[in-house]
Protein chains: 2
Amino acid sequence: MTDVPDIVVSRLPVYLRALQYMVINGKSTTSSQELGEKVGISAAQIRKDLSQFGEFGKQGTGYNIPFLIDSLLQILKVEKVWDVVLVGMGELGHAILRYQGFVNRGFNIVACYDSDPLKIGTKINNYSILDVKDLVKDAKKAEIKMAMLCVPASSAQKVTDLLVEGGVLAILNYAPLSLAVPTYVRVQYIDPVIGLQRMAYYLNK
Amino acid sequence: MTDVPDIVVSRLPVYLRALQYMVINGKSTTSSQELGEKVGISAAQIRKDLSQFGEFGKQGTGYNIPFLIDSLLQILKVEKVWDVVLVGMGELGHAILRYQGFVNRGFNIVACYDSDPLKIGTKINNYSILDVKDLVKDAKKAEIKMAMLCVPASSAQKVTDLLVEGGVLAILNYAPLSLAVPTYVRVQYIDPVIGLQRMAYYLNK
DNA sequence: TAGATTGTTAATCGATTAACAATC
DNA sequence: TAGATTGTTAATCGATTAACAATC
């Protein structure tokens, strides 16, 4: 289990999501072949990926889905729920807060922040919008490790620096720019336009 | 220009975004070194990527930013605006419709659809919510090539099939599951939980 | 037992990096 | 001219695939 490539790690949540979907549909067993077809990845790749972490299947019969799900939850460390803070309560921040499809997948928003005095103190969905000035202090105190960043591009780096100062180690960044962080901090980027532009390349004008 | 690897294509929008940000900050020239630091990619990689499409720099002085931006817009085919349809007007669909940071990056939402009779016909931001029953017909007629999919997981595959039938070739999928599409159709996935789970792997419990 | 499917090894394939001549 | 930086080549590195013995 020494130093699994990140590209392998990046596929595990996709496997997990497909397996959980299978359970909902009443399946209890699958094969690397079948799972591969669902997620668009080769069967050999799936077996190779899983083999990084142990042996989860049986020759001849494949994988017990609940067992594999449980194993993946453990590997990804999402068998319990992580506390996450949300920074930036614009249109997008609001939508994320109201969405709440996170908890049963391992994450719970515990607080939300903004810098706008008109927003601070107002309530959304049982959350009081807090002052970003308290972010560092609060994050340290509650030992928050994860954050979602929904502020405008113009203040994203500044807020990122605060998150890092507060001890946050993983940032889901919705602001449309690349962030500078220390090597020990992870960032995942969500910019729908990047995806659209990437696909536009393949279209004919 | 024969068959550029998709991994190269996937980085171009990131370069573009960083370059456009530089322009806003009044810069007119950059180097592969400087751009690389901004986006967290090696200088050699950037030069190699760009070399797939031509020569855009000058030895000794680097790249003229407006020229490189223009070149990337052409390469990615986003120098004009693509019409996009939005399907699924729940919480998320609403937020996307209200957001509208798409147009100046190459995309414009031209219509939105839902299947809920209570929603069909209502207005949001000058958009009338249309009946998903008309999706195939409308998409064909308007020659829509791109769609954003914000329906629940349970109906995502069904709606995807409609999009494909309507001639859509690129789908930005917000539903938390893998979609089955013909090989000539592209899908980009946006599931924040996948990003969070991927980062959770590296955290200590 | 026969068929199915795993986990793993070796081979192949592709992507990244280092280095440098060319040249602005 | 000297310094800087490109575009490109070759070397390195890493990821994917094919194949198969093991075994349920």
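Lettering of chains follows the sequences in order, A, B, ..., and the numbering in each one begins at 1.
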Checking dT8(C), dA15(D), dT5(D) against the side chain of P5(A) (C-beta onward), the nearest is dA15(D)

From CA spacing to verdict: side chain to side chain donor-acceptor pair (under 3.5 Å), Y201(A), D6(B) | CA-CA 10 Å; Y201(A) 172 82; D6(B) 182 60; over 6 Å; no

When rounded to whole Å, the CZ to P distance for the pair R47(B) and dT17(C) reads 12 Å

Rounded to whole Å, the CD-P distance (Q45(A) to dT6(C)) equals 14 Å

L50(A) CG to dT5(C) C1', in whole Å, measures 13 Å

Of dT16(C), dG7(D), dT17(C), the nucleotide closest to the side chain of S42(B) is dT17(C)

Between CD of Q33(B) and P of dT17(C) the distance, given in whole Å, is 13 Å

Rounded to whole Å, CG of D6(A) lies from P of dG14(D) at a distance of 14 Å

Between the protein and nucleotides 22-24 of chain D, which nitrogen or oxygen pairs are less than 3.5 angstrom apart?
residue: dT23(D); atom: O4'; partner: Q59(A); partner atom: NE2; Å: 3.3
residue: dC24(D); atom: O4'; partner: Q59(A); partner atom: O; Å: 3.2
residue: dC24(D); atom: O2; partner: Q59(A); partner atom: O; Å: 3.3

note: Y15(B), atom OH; dT6(D), atom P; distance rounded to Å ~ 13 Å

Checklist entry - Any salt bridge between K158(B) and D161(B), counting N to O under 4.0 Å? => result no

Pairing partner of dT23(D), by Watson-Crick or G-U wobble and under 3.5 Å for both distances, is dA4(C)

Q: May I ask you to evaluate whether Y63(A) reaches the phosphate of dG7(C), defined as a side-chain N or O under 4.0 Å from OP1 or OP2?
A: yes

D49(A) atom CG is separated from dG7(C) atom P, nearest whole Å, by 12 Å

note: I46(B), atom CD1; dA15(C), atom P; distance rounded to Å ~ 17 Å

Residue pair G62(A)/A44(A) against DNA chain C: nearer the 5' end by closest nucleotide is G62(A)

Among dT17(D), dC20(D), dA10(D), the one nearest any side-chain atom of K48(A) is dT17(D)

For dA18(C), the nucleotide meeting Watson-Crick or G-U wobble distances (both under 3.5 Å) is dT9(D)

Review point. Can a salt bridge be assigned to the pair R105(A) and D191(B) using a cut-off of 4.0 Å between side-chain N and carboxylate O?
Key: yes

Test: K38(A) cationic atom under 6.0 Å from Y21(A) six-membered ring centre, within 45° of axis: no

